[in-house]
Structure formats: C-alpha cells, structure tokens
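What follows is a short report on a single structure.
Throughout, a chain's letter reflects where its sequence line sits, starting with A, and its residues are numbered from 1.
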Number of protein chains: 2
Amino acid sequence: MATGRTHRPATRSRGIPEATVARLPLYLRALTALSERSVPTVSSEELASAAGVNSAKLRKDFSYLGSYGTRGVGYDVEYLVYQISRELGLTQDWPVVIVGIGNLGAALAGYGGFASRGFRVAALIDADPAMTGKPVAGIPVQHSDDLEKIVTEDGVSIGVIATPAGVAQQVCDRLVAAGVTSILNFAPTVLSVPDGVDVRKVDLSIELQILAFHEQRKAGEEPGADSGPEAAAPAEPAGAAVAPPAARTAQDSGRTAQDSGRKGPDGDMPAVMPA
Amino acid sequence: MATGRTHRPATRSRGIPEATVARLPLYLRALTALSERSVPTVSSEELASAAGVNSAKLRKDFSYLGSYGTRGVGYDVEYLVYQISRELGLTQDWPVVIVGIGNLGAALAGYGGFASRGFRVAALIDADPAMTGKPVAGIPVQHSDDLEKIVTEDGVSIGVIATPAGVAQQVCDRLVAAGVTSILNFAPTVLSVPDGVDVRKVDLSIELQILAFHEQRKAGEEPGADSGPEAAAPAEPAGAAVAPPAARTAQDSGRTAQDSGRKGPDGDMPAVMPA
DNA sequence: GGCTGTGAAGGGCTTCACAGCC
DNA sequence: GGCTGTGAAGCCCTTCACAGCC
C-alpha cells in the first residue's frame, strides 16, 4: 500500500530545533548518572563533556527549553532531569509493541533501557505460529493476527519493526491503520507512511558503510601519501597497520555520537574527479 | 570538550559533504534492487523516490561524485552501483569484529547484510568463558583475552561494540590500541577515542525518546487525541520561577522525515544495550 | 521534449564572543 | 571571578530554477 509521500519540509517541532531534540536524550542520560551520584549541580562545561558535545551547543540547546541554570553556578541536576524528561514526554509511560521476534527483536525485548526510560513493552508480535505463546524476555509472543487488537486495546502509539525487509511495509501499514503514529524501523527498507506518522530508522549496514568510507579515506591519505585516492589506486585490503596517531585525549573525545564529524587533515583536494 | 584537538575548520576531506556520504548507502541499496531486476537505467526522480529522498538532492549528491548520468536519459544502474561502491570503499572486503555476544551481538552476527555489502565478520568476541568456542551464527565465539591478537592478525580496522555500557570504554580502548580505527558503538555510553578514530553510535533508547517527543506533541495539538494512553497535557514546571520564554504556539506539522537530518545514522540492525 | 548538472538563494545549526547576573 | 544566556556571524546543507546536452 504505501500510502502517501513521505517528505515534508521537516519543520521544527515547537520552538525546539530537531537537532536539539536529538541531543536531549544524551543530556538526560548524563544527568541521570550525575543524579545517581548525588551530584547537586553541574556547569555547562562538565555536562557537555559528559554528553560528548561542546558547552556552547549545550547552553544553546538549553536556552530553547528555558532558563534553567544559574549564572555563576551552573544547573541544578534534579531540576534539569525533570525538565528534560517532561520536554521529551517521558513523564508518562509509552506502551511499545515490537513486531518481528527474531534475534534482533529478542534483543530489543530484553533491552533494559525501556522501563527505565519511560517505555514499556506492551507486546511482542511475530508471524510465526511456532513462536506464539513462547516467552521472550519474560513476555509471551503473540501472533500477528492479533496485531490490530493489541494496538487498539493497549492504546499503543509507538511501534518497533524488526521484521525482515520483505514484510516491513505491510507490517507498517497495519500498525498505522491500527493507530500507531510513531515507528522505529530496523528493517533495511524505506517505509512509506501517511502524513502525520513519524518514522525513524536504524540501519546497521548503512552505519558500517559510512565507516568504511572514512576508513578508506584514512588509508589513502596516511602520512606520506598525499595524492588523493582517486579512481585509480585501489586501497589496501585489510587496512590495519594504522597506528593511533595522537595520544588519548583528556576526558572527552573529539567527536562522537551519531554525528560524525569529518576530520581528515588533508589540504585541499579538488572536488571529485570524473572517471 | 576541550579535547586537546584544536578544531580545524572542518576540513573537507575531499569534496563530498558528510550528509551526502550518509545517503550513498541508501542510493546503493535502491540501485542494487534495480540491478537485480535487470533495470538498465533510472532517472533521478525514480531513484530518489526509491531511496526516500527528493530528486534535487539526489542529483546534487551525485554531482559531487562526478557526472555519471546522461541528460535526457538518466543513470546507468550498473555503472552507478560500481561508482558508489568504489566511493564507499566497498570494492574491498572489510573484516569486522563484534565484541559482546549477548542477544544483540548474536543478532548482529547473524545479520545477512554483512557479506552482501562488503563486510565480513572476522570474529565474535565475548568475555564470558562459557561462551568461548560456542558457535553463534556459525562462527565460534572467541575469548576477549585474544582480542588484540585477533585484531592484529586479521588486520581488522572496524569494530562493533555490543557489550554492556560498563565495559564499553575499556573494550574500545583495547580495540583502538590494537589498531581499530572505526567503531560502531551500540552501548549507551559516550566513548572517548584518540583523534583519527571514527565512532558512530546507535542507541535504541535515544531513538525512542525522540519519537516520544514528537508523539507527545501530536497528542497535545490534535483535537481528538486518539493514540496516546493519556492525552499528555503539558505539566507545569515545579514551582519554577522561570517559565519557558518562547510562546507555546507554532504548531506546524513538524515531524521529521525519515531520512532524519542529523548525521545520518540508520542501519539494519541496531542497537541497544542493557544499562 | 526529457532529464541531468549546477550556480544561486534560502534555512538551519553551530560557533563565537560577550553582556548579564550570581 | 565564574558561568549562563544569547545576538550575530559563519558554515553546511537543502531547495530552487534553469542552462546545457541528449
């Protein structure tokens, strides 16, 4: 079915930039850790370091939420935890259904991060009759025939798709038809959903390919080789032999997270080269 | 972040924007599907639709690689598959080690997307002696004592961390010391790495939290709240003196498109880790 | 006529740097 | 003195729109 088209101008959510929203969970995690150690306050510098971002960005992010800090002092940990949780909508419990209980689905079902962060596994669903009733991570698997009933009765609005790519779109369509409006897709497929439905995807092979791209580049511009890795000169196979250049940095990394930065030193390579 | 590193103007490694690199795997997947159906050529419009992006963006992306299309006709599928594969460094085989063979690690080990896309699982490593020798997805698990040896001997430059958060940093340190320069991290932790090492992370709870944020907004702005368990009514700050400055208006149909803007993560198997 | 390739315009996010308050 | 909050500048990416070629 593949309903309507997917892309829209991707507007900002409230006044909060999407990029900021994506970092709030990071701050929340760091704050939770501080909270557990009973640390009362943190400076933007400390928190930023713990979350793996720079302090200016963190302060800017928080400024979208309001003025929750105290100049000359920092931020109250507990208060911030509360504010961010509220902003993310974690003060309520979101029931989630996981469809496709294979290796991955089972891994997700057993993920401890659910309960602790505002989510609850409402049901595990699989199309294989042999799986029905079998408990996975303590939760009995239900047959996909009951998908609509489950979603409707439990008021589920978030669904996780961990099925093979081939059936992902149909599963998606059924979830949406039943009332789900947010989907986390682990299947390597582009899902089509009606307007108003959010889809986020996680794809291992894409991540690896992005790493391979950078890896290839490193191999090509190692010290000594200043010629670009153009069409010719295929790089070496297993590119080990590369020794860590700089020493471990103090407390934080230069970059991290899903945002990848670019780093290659390299001068200015003209852009591209036709074959 | 005050990493010892000075921020250099974000060098353009070559001419390809990071955002474009993150989309190349998407195009490649769509092209591979077309190739299997023996489709000889595609227009930017068709391919863009299959990849879930808009055609202008796709053409711009390809323009960074070179002029591989034919005006009035479109792109030659096979040729593009080759060019993109080469650009991503997939014409060579990258050995990958997966550390932490729990539910997730096992799921990753069994992921078929590896072999088919330029990657090869060189080894599965786990710290539990009971796991040693046990085959997972047909590959015998090796003990972490041998991590350095494995990485060195197989010339592994890409490592996947699927361990509990608590040991992720040490595993990371060992991988890097042994020669790994690209890491895909599934543990919910910010990893510190020396300059020159790439880290990408995949985190289930973060993705869910972002969805929850948007979900909450939908519930709040739609007349007949249907999905959520309780139509999330924005709670008031706990006796805060300061209230969010920005007005609560602006309710565009925000929502992110599937391709998400940040930096492009998404893959086939994702993440997660017990906390 | 059809479709690619691309300069130019437009937005959003990051970084700077400093004013403002403790 | 220390640290937050934020306008302003800069950068990168996306989108537009059309020139260029088949």
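Between B/Y68 atom OH and D/dC21 atom P the separation is 19 Å, expressed in whole Å. When the P atom of C/dG5 is taken as reference, atom CG of B/L47 falls 12 Å away, rounded to whole Å. Distance, B/R59 CZ to C/dC3 C1': 7 Å, rounded to whole Å. Atom-to-atom, CD of A/E46 to C1' of D/dC3 comes out at 11 Å; the value is rounded to the nearest Å. Atom CG of B/L80 is separated from atom P of C/dT4 by 11 Å (rounded to the nearest Å). For the pair A/Y79 OH and D/dT4 C1', the computed distance is 15 Å after rounding to whole Å. As rounded to whole Å, 14 Å separates atom P of C/dT6 from atom CG of B/L58. If you take OH of A/Y75 and C1' of C/dC21, they are 13 Å apart, rounded to a whole angstrom.
Base pairing of C/dC22 is made with D/dG1, judged by Watson-Crick or G-U wobble geometry with both donor-acceptor distances under 3.5 Å. In this structure, D/dC16 forms a base pair with C/dG7, meeting either the Watson-Crick or the G-U wobble geometry with both donor-acceptor distances under 3.5 Å.
By the 4.5 Å heavy-atom criterion applied to side chains, B/V77 and B/Y82 are not counted as neighbours. Side-chain contact check for B/K201 versus B/I206: some heavy-atom pair is nearer than 4.5 Å. The closest side-chain heavy-atom distance from A/L28 to A/S85 is below 4.5 Å.
Comparing B/E45 and A/D61 along DNA chain C, the residue whose closest nucleotide (by nearest heavy atom) sits nearer the 5' end is B/E45. Nearest-nucleotide positions on DNA chain C for B/G69 and A/T70 put B/G69 closer to the 5' end.
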Check the pair B/L24, B/L65 against side-chain contact (heavy atoms from CB on, under 4.5 Å), reporting the backbone distance first and the verdict last.
-> CA-CA 10 Å; B/L24 292 181; B/L65 308 184; 4.0 Å; yes

Assess whether ring-ring contact (aromatic ring centres under 6.0 Å, His included) is satisfied between B/Y79 and B/Y68, documenting all intermediate values.
-> CA-CA 8 Å; B/Y79 188 54; B/Y68 297 148; 5.4 Å; yes

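Candidate nucleotides C/dT15, D/dG5, C/dG5 were compared by shortest atom distance to the side chain of A/N54, and C/dT15 ranks first. Nearest nucleotide to the B/S43 side chain, out of D/dT14, C/dC3, D/dC3: C/dC3. Which of D/dT14, D/dT4, D/dG7 sits closest to the side chain of A/K60 comes down to D/dG7. For A/A56, the listed nucleotide lying nearest its side chain is C/dC16; candidates were C/dG5, D/dG5, C/dC16. The side chain of B/K57 lies closest to D/dT15 when the candidates are C/dT4, D/dT15, D/dT4. In the set D/dT6, D/dA19, C/dC21, D/dA19 carries the atom at the smallest distance from any side-chain atom of B/R71. Of the candidates C/dT4, D/dC13, D/dT14, the closest approach to any side-chain atom of B/E18 belongs to D/dC13.
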